[in-house]
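Here the structure is laid out as structure tokens; the discussion comes afterwards.
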Protein chains: 2
Amino acid sequence: MIRVLIVEDEPLISRLIEMNLTRAGYRCTVANDGKTAADRIEQNDYDLALLDIMLPGLDGYDLLDYLRPQGVPVIFITAKGTVKDRVEGLRRGADDYIVKPFAVEELLARVESVLRRNGRGSVMQAFDVVLDSGAHTVLQNGAPVDLTPNEFLLLEQLMRNRGAALYRDTLYERVWGGDRAETDTRTLDLHIMRLRRKLHWYDHIETVYRIGYRLKKE
Amino acid sequence: MIRVLIVEDEPLISRLIEMNLTRAGYRCTVANDGKTAADRIEQNDYDLALLDIMLPGLDGYDLLDYLRPQGVPVIFITAKGTVKDRVEGLRRGADDYIVKPFAVEELLARVESVLRRNGRGSVMQAFDVVLDSGAHTVLQNGAPVDLTPNEFLLLEQLMRNRGAALYRDTLYERVWGGDRAETDTRTLDLHIMRLRRKLHWYDHIETVYRIGYRLKKE
DNA sequence: GGGCTTTGTATCGTAGTTGTAACAGCCTTT
DNA sequence: AAAGGCTGTTACAACTACGATACAAAGCCC
């Protein structure tokens, strides 16, 4: 279980973050000001902290000083996306920053990326496979499976959206990058085939004709 | 149940949208201005928001900033169909836009398309059949039914507009694409037949002579 | 640079899907 | 009741999409 501390004085924002991270499988704690945040930090171990810079009482920079010695990675949340703020945050040792307003995808991506860099990630399971996005490992029945980077990304997408039919476009976009608009190549099919072969998941990964692919539920 | 937030200050328009979406099976909430919309957003989870850009108080762009972080897809409703507005809306992260005045069919089509792209398929039920547009599956008495893509789309249309007689033109347009203006082929009848046969729905799908087809209500 | 892995294109075969043609039967109007 | 248009059904041929293999290009690690 990955514990995340959210320090943010705007309830609207903190609730958004909490909701989305909780839904993504993280355990969240929210603090509205620097003082209570410091208390929480003293009493608990966190795997990640999201800090608003501008806070009543102790500000984000102060909290960073508490957290860094503990080895807790920090992502700053800042309203002003000025270069100055950004540089200042990173200079002081933040792992990343995110500018309000932000897209939820971006938030999740950064959280995951930071956790990954720090050796922590979310763990997903489907059938006989356990995928650890932090450690970048895939185990099948406890035995490691050797996947290439793209195969890993593809599997991650399928597992993250288990049961849903994912459109070819969507998969191309999420695995190969947003600029890619290919629908006429066999690349995706090829990678699906390689996944099926490596995992012996010929039945578990279902083809949805003319739509895309879907990871069986159950 | 799919929840849709409609933010629109012209009662005539908002009522029109609400009526049609409600009839199509969505649960709607209407807000007349940006402030109340923000309140609603805070207190509820929505699966989709339809935002008029020009609003008293907070405008559509402001609301977009609240909604995007939550992962709520957004469709802008704009009076001015200028290229500039469209681009601006999409650039800021809207999923789609629709220009006033609009056809109801277009509205429904865009709503559906956006929901689908965002993986929020609706689950509909009629008689012994459950259709999940997200997973792209159809179950009859719990057993999966194998439908081809066009059969699936056709069934989806019938179920979404249960009880209403759908014109042949309308069905052609929604299933086969808007550019198609064929009324002289047997294609639609053929697909209706295939649906009736696969689902044993000889009575449930009714023929409306000279008009089109209708899915029986009860 | 050499050998390895990874990736993507080209290609072919196959399975699944689709629509037209053709005809039979039905509905409605006159 | 007859005529004329509409719909139901079948069969088949064209078409599209996917699975699979081989191979070449690109990246990577010594």
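Just so it is clear, the structure is predicted and the values come from calculations on it, not from any experiment. Per chain, numbering begins at 1; letters A, B, ... match sequence-line order.
Comparing dT17(C), dG19(D), dT7(D) by their nearest atom to the side chain of Pro149(B) picks out dT17(C). The side chain of Asn150(B) has dT18(C) as its nearest neighbour among dT18(C), dT21(D), dT9(D). The side chain of Arg186(B) has dG8(D) as its nearest neighbour among dG19(D), dG8(D), dT17(C). Side-chain proximity of Thr185(A) to dT9(C), dG8(C), dT17(C): nearest is dT9(C). Comparing dT21(D), dT17(C), dT9(C) by their closest approach to the side chain of Arg197(A) singles out dT21(D). Among dG19(D), dT18(C), dA11(D), the nucleotide with an atom closest to any side-chain atom of His191(B) is dT18(C).
For dA17(D), the OP1/OP2 oxygens have no side-chain nitrogen or oxygen of Thr207(A) closer than 4.0 Å. Regarding contacts with the backbone of dT18(C), every side-chain N or O of Thr187(B) stays at 4.0 angstrom or more from both OP1 and OP2. Distances shorter than 4.0 Å separate none of the side-chain N or O atoms of Trp176(B) from OP1 or OP2 on dT18(C).
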Distances for protein N or O near nucleotides 27-30 of chain C N or O, under 3.5 Å:
from	atom 1	to	atom 2	distance (Å)
dC27(C)	O2	Tyr209(B)	OH	3.4

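Rounded to an integer number of Å, the gap from CG of Leu190(A) to P of dC23(D) is 15 Å. One atom, CG of Leu188(A), and another, P of dT7(C), lie 14 Å apart when rounded to the nearest Å. Taking atom CG of residue Leu154(B) and atom P of nucleotide dT17(C), one finds them 15 Å apart after rounding to whole Å. Between the CG atom of Asp189(A) and the P atom of dT7(C) there is a distance of 16 Å, rounded to whole Å. dG19(D) atom P lies 12 Å from atom CD of Glu206(A), rounded to whole Å. Nucleotide dG19(D) holds its C1' atom 8 Å from the CZ atom of Arg196(A), rounded to whole Å. Remark: P of dT7(C) and CG of Asp146(A) are 11 Å apart, rounded to the nearest angstrom. Residue Leu153(B) contributes atom CG, which lies 13 Å from atom P of dT17(C) at whole-angstrom precision.
Taking every heavy atom of both residues into account, Leu67(B) and Ala49(B) meet most closely at CD1-CB, 3.6 Å. Of all non-hydrogen atoms in Leu51(A) and Leu64(A), the two that sit nearest each other are CD1-N, 4.0 Å.
A 4.5 Å side-chain heavy-atom check between Ile75(B) and Val111(B) finds at least one atom pair inside the cut-off.
Checked by atom type and distance alone, the side chain of Arg196(A) pairs as donor or acceptor with a backbone atom of Ile205(A) at under 3.5 Å.
A donor atom on one side chain and an acceptor atom on the other are found under 3.5 Å apart for Arg160(B) and Tyr26(B).
Using bins of under 30°, 30° to 60° and over 60° for the plane-to-plane angle, the ring pair Phe152(A)/His136(A) lands in the parallel bin. Relative ring orientation between Trp201(A) and Phe127(A) is described as perpendicular, the plane-to-plane angle rising above 60° on a 0-90° scale split at 30° and 60°.
Ile192(B) comes within 4.0 angstrom of nothing in the nucleic acid, heavy atoms only. Nucleic acid contact class of Tyr213(A) (heavy atoms, under 4.0 Å, all strands): sugar-phosphate only.
Between Tyr167(A) and Tyr172(A), a ring centre-to-centre spacing not shorter than 6.0 Å is recorded.
The base of dG19(C) sits with one of its N or O atoms less than 3.5 Å from a complementary donor or acceptor on the side chain of Arg194(B).
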